[in-house]
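Since the structure comes first, as structure tokens, the remarks are kept for the end.
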There are 2 protein chains.
Amino acid sequence: MRIAVDAMGGDFAPEEIIKGTLMSAETSPDVQLILVGRKERIEPFLAGSLPKNVSIFEASEVIEMDEHPANAVRKKKDSSIVVATRLVKQGEADAVVSAGSTGAQMAAALLGLGRIKGIERPAIVTILPTSEGGKLILDVGANMDATPAQLCQYALMGSIYATKILGISNPRVGLLNVGSEEGKGNELTQKAYPLLKEAPINFIGNVEGRDVPYGRADVVVCDGFAGNILLKTAEGLAGVLFDQIKEKITSNMVRKLGALAIKPGLKEIARMMDYAEYGGAPLLGVNGISIICHGSSKSKAILNAIRVARECVQVRLIDQIRQDLLK
Amino acid sequence: MRIAVDAMGGDFAPEEIIKGTLMSAETSPDVQLILVGRKERIEPFLAGSLPKNVSIFEASEVIEMDEHPANAVRKKKDSSIVVATRLVKQGEADAVVSAGSTGAQMAAALLGLGRIKGIERPAIVTILPTSEGGKLILDVGANMDATPAQLCQYALMGSIYATKILGISNPRVGLLNVGSEEGKGNELTQKAYPLLKEAPINFIGNVEGRDVPYGRADVVVCDGFAGNILLKTAEGLAGVLFDQIKEKITSNMVRKLGALAIKPGLKEIARMMDYAEYGGAPLLGVNGISIICHGSSKSKAILNAIRVARECVQVRLIDQIRQDLLK
């Protein structure tokens, strides 16, 4: 198996991307890893010679976070994400992993790999850490104004992913909505509900924002706008609360001593909430495996993302989705 | 000034509603409070005689949480929320406060009081506790599919409320969106952005979900669907995190001792996050003051909601909105 890694994408690229790739090379000697990017910027971070199962594939350009995704992908044909995606298209790699601009990665995948037949729009998946383990949210930003039929396609793809990759059998699919009863919601969710009831999935009805962090659904389906609001609100609130806790439990000497004692407990929570444990998730619906990582991924996240890529290839995720759509 | 309180609405009605009303009667002797509901269910919670500034107004029916709001309001003409709203309409009260079914309260207000001229749809306001104090979010559920023009009306009303009631001068208005640049978002936010730029408000552009808990805007404008998702996700995540903290910091003896030392710090945070501090907020856009409280309001929240009602009357909120719309 060969996995192309976009060495130039992400807030901590190329150093942390390379570190994660080298860690993966050691733990998975059977996987061939291809670092895609500018050789001269990659080489300084390689301690001496390359491991046998790591190679460098030159790509002279880099797409920056502030560039217009689709334009940049069309213009910079030798950028790391475009080249890495091309390797998948040409069968020279089985998957691509990137922590760079999500928009550019999506544009590169749509232009380079195309969509799976029967899928109108791809969806960006996120694994949200919850008190019941990681749960799938999709879409979190690929497609702002989805149609009811597209939400059904997300539900189908999300179910397959939850089953095959997260190992959840018969995953509970919930429709993100403002109330639990059928008939609640905006035009989109009101129309999507009856379609989801008929779909070959384990549809449990509507889930509200407050249900999601409690892990009451394994797969949460929503349009990219609502998904993005949910995800980023959760991120922001967790950040604020941890900041506040840090401040309030160290504001005097007694509290500081107490903080020392409970620190391991807080670390356990921080670890539970750490997206890096999940590494990344594929852009579902495109005709190939393209794993999207958080922009601020460090080596551990990249290591885990490569593991996810590997699992997607092993279970033949694309074929599974294709087969399910034919049913 | 006279304020009608829906004694029958809320998870802890009538006991906690009555308690809060009596507390308010003591601290605000100049306000006449009218408990609206079934006398026989109210009287057992009155310790002896009524304070001079509290009276009971009989309403024989109650709208339950699971009833269809508009139907229930049309059918139960002698329900506490309908009667209390009618008192405002007839000039016998200056405001109504309720912790009952939000849908029923909205239907009662729309049917009983009507809309302010120039406002197409009312908006439910919430004060979200943030690390920078309470910030306004609207709409959080009155109107699921808003138009760009309606978002502008929310922005205007929210600005007036933030200025007059929260005491924020020149409040920063943000459009809830998925990215900071103009042009980001779904059809609604893309079209609302240029309108907001032209509106007579202090528009600071898009704010993302993660910006909201940090208090980066004083007024966050969104459709009722997105606002509800944001609010309930924040509620759910805070709940999960506090549950986890409670569990993890008491899982052994050392941590339990530490927990004792930091407990005051955690209480400070819980207090910061407590919606009861804000009591409630008006349904903005209807032609009269109707204060919506959280369903699980206890006496403190009711006390604070009555204070909010009083302030809305004192600053002549409805007139202020009417005047601003004429500009």
Side-chain angles (χ1 to χ4, degrees), chain A residues 66 130-131 141 144-145 176-179 184-190 208-215 222-226 228-245 247-251 254-266 268-269 272-273, chain B residues 130-131 141 144-145 176-179 181 184-190 208-215 222-226 228-245 247-251 254-266 268-269 272-273:
Chain A
D66 55 358
T130 79
S131 52
M144 290 300 141
D145 292 287
L176 184 64
N177 211 335
V178 301
K184 286 266 181 184
N186 56 11
E187 211 191 314
L188 172 66
T189 57
Q190 285 176 343
E208 297 184 58
R210 72 161 72 90
D211 299 323
V212 179
Y214 284 98
C222 51
D223 67 34
F225 190 87
N228 183 289
I229 299 299
L230 184 150
L231 186 67
K232 289 193 181 158
T233 301
E235 250 184 62
L237 190 73
V240 166
L241 282 178
F242 275 109
D243 286 354
Q244 288 281 330
I245 289 169
E247 189 191 315
K248 299 285 184 191
I249 69 177
T250 53
S251 60
V254 175
R255 293 188 189 178
K256 271 183 191 159
L257 283 170
L260 270 181
I262 61 147
K263 213 175 167 185
L266 292 182
E268 283 163 32
I269 300 171
M272 180 195 101
M273 304 297 294
Chain B
T130 79
S131 51
M144 289 301 140
D145 292 288
L176 184 64
N177 212 335
V178 300
E181 308 85 6
K184 286 268 180 184
N186 56 12
E187 210 192 315
L188 172 64
T189 56
Q190 285 176 344
E208 296 185 58
R210 72 162 71 92
D211 299 324
V212 178
Y214 283 98
C222 50
D223 67 35
F225 189 87
N228 184 289
I229 299 300
L230 183 150
L231 186 66
K232 290 191 180 158
T233 300
E235 250 183 61
L237 190 74
V240 165
L241 282 179
F242 275 108
D243 286 354
Q244 289 281 331
I245 289 169
E247 191 192 312
K248 298 287 185 191
I249 69 176
T250 54
S251 61
V254 176
R255 291 188 191 178
K256 270 185 192 159
L257 284 170
L260 270 182
I262 61 146
K263 213 174 168 185
L266 293 182
E268 283 164 30
I269 299 171
M272 180 195 101
M273 304 295 294

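Below, read A as the first sequence line, B as the second, and so on, with proteins coming before strands; counting in each chain starts at 1.
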To check you understand the geometry: which heavy-atom pair defines the closest contact between [X] and [Y], and what is its length?
X	Y	result
B:Gln244	A:Ser131	NE2-CB, 3.6 Å
B:Thr233	A:Pro213	O-CG, 4.1 Å
B:Leu237	A:Ala234	CD2-O, 3.1 Å
A:Ala261	B:Val254	CB-O, 3.5 Å

### Message
Can you confirm whether A:Lys184 is buried at NZ, in the sense that more than 12 heavy atoms of other residues, nucleotides or ligands lie under 6.0 Å from that atom?
### Response
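Atom NZ in A:Lys184 is not packed in, count stays at 12 or less.
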### Query
How far does CG of B:Leu266 sit from CG of A:Leu241, to the nearest 0.5 angstrom?
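Rounded to the nearest 0.5 Å, the CG-CG separation comes to 10.5 Å.
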Contact origin within [X] toward chain B - heavy atom pairs under 4.5 Å:
X	value
A:Leu257	neither
A:Thr250	neither
A:Asn177	both
A:Leu176	both

Can you find a pair of side-chain heavy atoms, one from [X] and one from [Y], that are under 4.5 Å apart?
X	Y	value
A:Asp223	B:Asn186	no
A:Leu188	B:Phe225	no
A:Thr130	B:Val240	no

### Task
Specify which of B:Asp243, B:Ile269, B:Ile249 makes the most heavy-atom pairs with chain A at under 4.5 Å.
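Max contact count across the listed options: B:Ile269.
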### Message
Quick check for you: among B:Gly224, B:Pro264, B:Gly141, which has the greatest number of heavy-atom pairs under 4.5 Å with chain A?
### Response
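Among B:Gly224, B:Pro264, B:Gly141, the one with the most close pairs to chain A is B:Pro264.
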### Task
Name all residues meeting the side chain to side chain donor-acceptor pair (under 3.5 Å) criterion together with B:Arg255; count only those two or more places apart in sequence or in a different chain, and write none if there are none.
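Expected list: A:Glu268, B:Ser251.
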#### Entry: Among A:Val212, A:Thr189, A:Ile229, residue most engaged with chain B (heavy-atom pairs, under 4.5 Å)
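Among the listed options, the one with the most contacts to chain B is A:Ile229.
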### Message
Under the rule for side chain to side chain contact (heavy atoms under 4.5 Å, CB included), what residues qualify as partners of B:Asn228, not counting sequence neighbours?
### Response
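Here the qualifying residues are A:Val178, B:Lys232.
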